[in-house]
Amino acid sequence: MLLRTFIPSIAFAIVGVGAMFATDEINANDAIAGDDTSRPNILVIMCDDLGYADVGFNGSTDIQTPNLDALAKAGTVCTSGYVAHPFCGPSRMGMMSGRYPHQFGAPFNLPNSGQGADAYVEHGIDPDEVLISTVLQRSGYFTAAVGKWHMGIQSSFHPNHRGFEEYYGFLGGGHKYFPQQFQGVYERQKARGIQHINEYVRPLEHNGRPVEETEYVTDGLSREAVRIIHDAAADDRPFFMFLAYNAPHTPLEAKPEDMAPFAHIDDENRRTYAGMVFAVDRGVGQIANALAETSQLNDTLIVFLSDNGGKTSAGADNGPLREGKGSTYEGGYRVPMFFHWPGVVKAGQTYPHPITALDFYPTFAALADASIPEGKVLDGKDVWSSLIDGDNPRPDEMIYAMRHRQGFSDVGARRGPWKITRTFRSPWKLFNLEQDISESRDLIQQYPDVAAAMIEQTKQWSSTHPRPLWFDNRKAEAEWTRLEMPRHDETFAFERSGQPAGQP
C-alpha cells in the first residue's frame, strides 16, 4: 500500500491574507489569452450538503469561516448561485458535463455500494459525455481531482479515465472521517469475504491504488490539495483542480478540537456540523497559503460552492431559503458560491443574478481558450463577462430543478425574479424571489399567465428526458415501472385558478 504520511498544517493568518490579495493586478484581457503564461489555473472547491447560511460570507453568526470569508471578501459572492439538482451525484454530474443530469438518464443518486442495490455499481456518468476535465486536459492543463467522486466506480467512470491525471479520494457517495474507525471495519468485512463492502469504510485511493490514510479525512484531502498545488508550481502547464470535500455530509464526525470553538451551540448535531465546516475552512486556508507561497494565487481562479442545499436534519441551516437538501424550493439547490481571482474578479462585489454550476463548463473552457468538442450539448452558458460587469446573463432564460418521487415529481424553475414550484402534489405556486427569497407569498392568483408560460416551458424541457439508467434503491425502480412514471401530464397540468388539473 502507498502510505500517506502526515504533512504539518500551515497556519492561514487572516492578517496575511490581505497582503496576499494586494499584489499586482492581472489585466483581464491578458488573463484570457491563449498561452499558458496567461491562462488561469482553475480551482473548484466544493462542499457536500453545506447550508446556505453556514458560512460567514452568507451571514452565519454561529459558525466561523474566516478563511472562506477572506477569499469571498476579496472576490465576488454569488447570492443566486444554483446547482443542477438538489442531490449530490446528479449535481456533480451536471457540473462536470455542463448538462442537466436528467438529460442523460442520471436524475438519481448512485446508491451506496454494499447497501443491497449492487447491480447499479455497474453504472456511472455517461461515457459519451465529454467532461470539462477532459476539455481542459486536451487544451494543455494539468488536471487533478481530490475527494468525493460519486459519478461511478467502475474503470470507465474513474476520474483517471475522465480527464484527471491525478486523483486522490473515494469514488462513492460518502465516507467516514476517522481512519481509526473505518479501517478496522473494512478489514473485518474483507476477512469475512464480503464482496460489496460499504463504500463509507473502504480505503481511500490514489490513482486507483488503495492508500492508508492517516488523518481525519477532511484534513487528508486538504493535505493532498496542497501537495498538488506544489507539484503544479513545478509544471509548465496551468492546472485545473476539482477539490470535493465530503464535509459536512453525514456521518456527523468532527474532531473535538474543531468542535471546541462552538461550545456555545447547544444542539449536538449543529455543534458537530460546525466543527466539520471549521475543518474545511482550515483546509481552504492552507490551500490559499500554498497558492501564495508558490506564486500562483494571482494566476488562479477559485470557485467555491456546495453540491446542493444543507440537510437540516443533520445540523445545516439554509436560511432565509425554504427547506433544504432534496427540495425544489430554493433551499434544495441554491447554494453558497463565490468567485475569486485577484485583479480580475471584482473584490467586495455581490452578484445577485442567477448563475448555475452548469455555466462552469463553457465559462472555464473560454477562459482556458479550450475547444469544446463539436456537437457537445451544453445547458449552461459562458457567464464570465456578465459576472465581471455585473449584468444578468439570462434575463429571459429558465433554470430548472426536478426531483422524482414515488408516483410524482417535484419541480422548481426560475426565470428572472419569478419562480414556479410544485412539491408533493400540492398546487403550483409562483414567487417573486427578488421580493420574497423565502418563497412565503404565493402570487399565482395575481399572475396566472406568468406561471402558465413557465410551467409550459418546464414541461417541454422535461419531455426530453430519457428513462433513468439507475435508481437510488430497488424499490424506486419497481415503483417507477408500476406507477408508469414520469407522468408529466399530471405534473404539469395547470388551470388559471392556480389549482393543478387532474390531481393524481
Side-chain angles (χ1 to χ4, degrees), residues 44 46-50 83-97 101-102 105-126 131 145-159 162 164 167-178 181-182 185-186 189 196-205 210 213 217-218 220-221 242-253 273 276 280 305-311 313-314 316 324-326 332-333 335 357 403-404 468-477:
V44 175
M46 175 178 277
C47 278
D48 196 347
D49 294 1
L50 178 66
V83 290
H85 196 282
F87 279 132
C88 308
S91 171
R92 292 157 195 270
M93 294 184 190
M95 183 184 78
M96 293 301 297
S97 69
H102 315 71
F108 287 94
N109 267 332
L110 286 164
N112 182 350
S113 176
Q115 295 279 299
D118 294 308
Y120 297 135
V121 169
E122 302 300 320
H123 293 280
I125 187 167
D126 187 348
L131 307 187
V146 177
K148 173 175 170 175
W149 182 242
H150 207 192
M151 289 182 268
I153 66 175
Q154 297 299 327
S155 176
S156 60
F157 311 120
H158 193 280
R162 302 307 298 268
F164 289 106
Y167 175 64
Y168 186 96
F170 53 93
L171 299 175
H175 209 280
K176 290 181 67 64
Y177 292 84
F178 291 102
Q181 295 179 6
F182 64 75
V185 175
Y186 171 76
Q189 292 191 11
H196 296 291
I197 297 176
N198 191 319
E199 59 196 34
Y200 278 58
V201 301
R202 296 182 65 87
L204 275 67
E205 67 160 79
E213 177 56 70
V217 164
T218 299
L221 300 182
F242 175 35
L243 170 56
Y245 288 107
N246 54 314
H249 190 289
T250 54
L252 294 178
E253 297 176 351
Y273 174 97
M276 298 169 76
V280 168
L305 75 162
S306 179
D307 63 346
N308 46 249
K311 188 176 181 179
S313 62
K325 177 179 181 176
Y333 65 110
V335 299
R403 176 191 175 177
H404 300 302
L469 296 175
W470 65 82
F471 298 81
D472 52 14
N473 61 78
R474 286 292 193 189
K475 182 179 179 181
E477 180 176 19

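Treat the numbers as computed from the prediction; the structure is a model and nothing was measured.
Of all heavy-atom pairs spanning Arg92 and Phe242, the tightest one is NH1-CZ, 4.3 Å. In plain terms, the two heavy atoms of Pro90 and His85 that are nearest each other are CB-CG, 3.5 Å. Nearest heavy-atom pair, Leu221 versus Tyr168, reported as atom, atom and distance to 0.1 Å: CD2-CD2, 4.2 Å.
In this structure, the separation between SG on Cys47 and CG on Leu243 is 8.5 Å, given to the nearest 0.5 Å. Interatomic distance, Glu213 CD to Tyr177 OH, rounded to the nearest 0.5 Å: 13.5 Å. Between the CG atom in Asn473 and the CG atom in Asn109 there is a gap of 11.0 Å [rounded to 0.5 Å]. If you take CG on Asp126 and OG on Ser156, they are separated by 10.0 Å, rounding to the nearest 0.5 Å.
The ring pair (Phe, Tyr, Trp, His ring centres under 6.0 Å) search around Tyr333 returns Tyr82, not counting sequence neighbours. Under the side chain to side chain contact (heavy atoms under 4.5 Å, CB included) criterion, Ala106 pairs with Met93, Pro101, Phe104, Trp470, not counting sequence neighbours. Every residue meeting the salt bridge (Lys or Arg N to Asp or Glu O under 4.0 Å) condition with Glu253, not counting sequence neighbours, appears here in chain and number order: Lys176. Remark: Ile153 engages Val121, Leu171 in a side chain to side chain contact (heavy atoms under 4.5 Å, CB included) (not counting sequence neighbours). Judged as a side chain to side chain contact (heavy atoms under 4.5 Å, CB included), and not counting sequence neighbours, the contacts of Ala357 are Val83, Met95, Leu305, Phe360. Listed by chain and residue number, Phe170, Phe182 satisfy the ring pair (Phe, Tyr, Trp, His ring centres under 6.0 Å) test with His175 (two or more places apart in sequence, or in another chain). By the ring pair (Phe, Tyr, Trp, His ring centres under 6.0 Å) test, His150 is found to be paired with no residue, residues two or more places apart in sequence or in another chain being considered. Applying the side chain to side chain donor-acceptor pair (under 3.5 Å) rule to Ser155 yields the partners His161; only residues at least two apart in sequence or on another chain are considered. The ring pair (Phe, Tyr, Trp, His ring centres under 6.0 Å) search around Phe108 returns Phe471, not counting sequence neighbours. Among residues two or more places apart in sequence or in another chain, the side chain to side chain donor-acceptor pair (under 3.5 Å) test is passed with His123 by none. Tyr167 meets the side chain to side chain donor-acceptor pair (under 3.5 Å) test with no other residue; sequence neighbours excluded. For the salt bridge (Lys or Arg N to Asp or Glu O under 4.0 Å) test, residues two or more places apart in sequence or in another chain that qualify with Asp49 are Lys325.
Using a 4.5 Å cut-off on side-chain heavy atoms (C-beta onward), Met151 and Arg162 make no contact. At a threshold of 4.5 Å between non-hydrogen side-chain atoms, the residues Tyr273 and Leu50 count as touching. With a 4.5 Å cut-off on side-chain heavy atoms, Asn198 and Asn112 count as touching. Taking 4.5 Å as the limit, some side-chain heavy atom of Asp307 sits within range of a side-chain heavy atom of Cys88. Between Leu131 and Phe164 the shortest side-chain heavy-atom distance does not fall below 4.5 Å. Proximity of Met276 to Asp48: side-chain heavy atoms (C-beta onward) are nowhere separated by under 4.5 Å.
Look at Arg202 and Glu199 and you find no salt bridge, because none of the NZ, NE, NH1 or NH2 atoms lies under 4.0 Å from a carboxylate O.
Proximity of a side-chain donor or acceptor of Thr250 to a complementary backbone N or O of Leu252 within less than 3.5 Å is not detected.
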ask   = Does the pair Lys148 and Met46 meet the rule for a side chain to side chain contact (heavy atoms under 4.5 Å, CB included), with working shown?
value = CA-CA 9 Å; Lys148 173 175 170 175; Met46 175 178 277; over 6 Å; no

